[in-house]
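To start, the structure itself, in structure tokens.
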There are 2 protein chains.
Amino acid sequence: MNVDRALQQLKEQGHKYTDKREDMLRYFDQENSYRTARDLLENMRENYTNISFDTIYRNLHLFVELNILEVTELEGEKHFRIKCDSHHHHHFICLDCGQTKEIHTCPMSSVKQELQDFAIEDHKFEIYGKCPTCQTA
Amino acid sequence: MNVDRALQQLKEQGHKYTDKREDMLRYFDQENSYRTARDLLENMRENYTNISFDTIYRNLHLFVELNILEVTELEGEKHFRIKCDSHHHHHFICLDCGQTKEIHTCPMSSVKQELQDFAIEDHKFEIYGKCPTCQTA
DNA sequence: TTTACAAATCGGAATCATTCCGATAAAATA
DNA sequence: TATTTTATCGGAATGATTCCGATTTGTAAA
């Protein structure tokens, strides 16, 4: 997912263009890691002094709904990151800095046999720890 | 993990016995599914009219620390269940009733090769959906 | 079996993330 | 440009969780 494509998708689905939306997407595109609503708010405040939490959350949820961002819950707080383009995969998530590394192993195919009568709606496979950078810091 | 063993473990580690602690453990032992602090509170109120959230949370955290309960975050709320005895495994979790089913597939061994320089501290593999009972209900 | 003390509990206030709402402002379109 | 729809703001409300001072209760030692 890149910013221009996301913006186009917004327009196509009847949502309005705003500078704030573009900047939010650019923020996640640059960060390329899991960030909280507060992280985003603080970054946005640099250019939009009075931006409100309502705007932050409304757009975060919109982006998740449109599959532009993905979300996970870490230590009681939602964290968002731009959705990866490539094929299905999972993430190692650094608990210090939020950086991620793609994991290409996914056990779902073998799991489905174990869950014949269950309606699978979603799954989460995440590995937590410290990335090389945060280990030395 | 069973109730008596948990109570003994509490005692061994210098924690005091209280009826409430025993009843909390019995609740999770019976339920055998992911329950919230509020679920527990409401159940406990039947016998202890004035039990407080402080007591609920303090003990939930203690139990997690002592490895008697395990915790996961579902839809912004922490859910607790009694820790399984058997060997390492993961869970299918029913999003309606919180019932779980053990999944015996775990991809961590193959994943470790992908994460040579990363310090792995924890991992989560959960499958969400509807259990057979909740599908028909 | 009392005593003494640390741990546990209560009640309620505080905190923190998130959501909601009414009023205003800005984008899109005719 | 006028109209309509969506977005934003500011601030209040909500809901889970935590904190705190005062009180009570296990427990171990006298």
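Letters A, B, ... mirror the listed sequences (proteins, then strands); counts begin at 1.
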Base-contact (B) and sugar-phosphate-only (S) positions in nucleotides 20-30 of chain D, heavy-atom cut-off under 4.0 Å, - elsewhere:
B-----BS---

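Of the N and O atoms on the side chains of T100(A) and R81(A), at least one donor lies less than 3.5 Å from an acceptor on the other residue. Side-chain contact of N67(A) with K83(A): a donor-acceptor pair under 3.5 Å is present, judged by distance alone.
Under 4.0 Å is where a charged nitrogen must lie from a carboxylate oxygen, and between K130(B) and D117(A) no such pair does.
Computed from coordinates, the F63(B) CZ to dA8(C) P distance equals 10 Å when rounded to whole Å. Protein atom CG of N50(B) is 10 Å distant from nucleotide atom P of dG12(C), rounded to whole Å. Across the protein-nucleic acid pair, H79(B) atom NE2 and dG15(D) atom P stand 16 Å apart, rounded to whole Å. M44(B) has its CE atom 9 Å from the P atom of dC10(C), to the nearest Å. F80(B) places its CZ atom 13 Å from the P atom of dA16(D), with the value rounded to the nearest Å. Atom CD of E77(A) and atom P of dC16(C) are 11 Å apart (whole Å). Atom CD of E75(B) is separated from atom P of dA16(D) by 12 Å (rounded to the nearest Å). Atoms CD1 (I56(B)) and P (dG15(D)) sit 19 Å apart, rounded to a whole Å.
Nearest nucleotide to the K20(B) side chain, out of dA17(C), dT17(D), dT9(C): dT9(C). Distance from the side chain of Y57(A) is smallest to dA17(C) among dT8(D), dT9(C), dA17(C).
Side-chain atoms of M24(A) and I56(A), non-hydrogen and from C-beta on, do get closer than 4.5 Å to each other.
Within the structure, ring pair (Phe, Tyr, Trp, His ring centres under 6.0 Å) pairs that include any residue of residues 115-137 of chain A comprise H88(A)-H123(A), H90(A)-H123(A), H90(A)-F125(A), F118(A)-F92(B), F125(A)-F125(B) (at least two apart or interchain). Pairs engaging residues 21-50 of chain B under the ring pair (Phe, Tyr, Trp, His ring centres under 6.0 Å) rule: none recorded [sequence neighbours left out].
For T55(B) and dC10(C), the shortest distance from a side-chain N or O to OP1 or OP2 is below 4.0 Å. Between R58(B) and dA8(C) there is no side-chain N or O to OP1 or OP2 distance below 4.0 Å.
Partners of K78(A) according to the salt bridge (charged side-chain N to carboxylate O under 4.0 Å, His left out) rule, which considers only residues two or more places apart in sequence or in another chain, do not exist here. Residues that satisfy the salt bridge (charged side-chain N to carboxylate O under 4.0 Å, His left out) test with D23(A), not counting sequence neighbours, are absent from this structure.
When the C1' atoms of four end pairs are superposed on the next four at each end of the helix from dT1(C)-dA30(D) to dA30(C)-dT1(D), using five pairs per end, the two resulting axes differ in direction by 30°, to 10°.
Both K78(B) and G14(A) sit near DNA chain D, but only G14(A) has its closest nucleotide nearer the 5' end.
When L40(B), T36(B), I68(B) are each tested for a side-chain contact (heavy atoms from CB on, under 4.5 Å) with L60(B), only one passes: L40(B).
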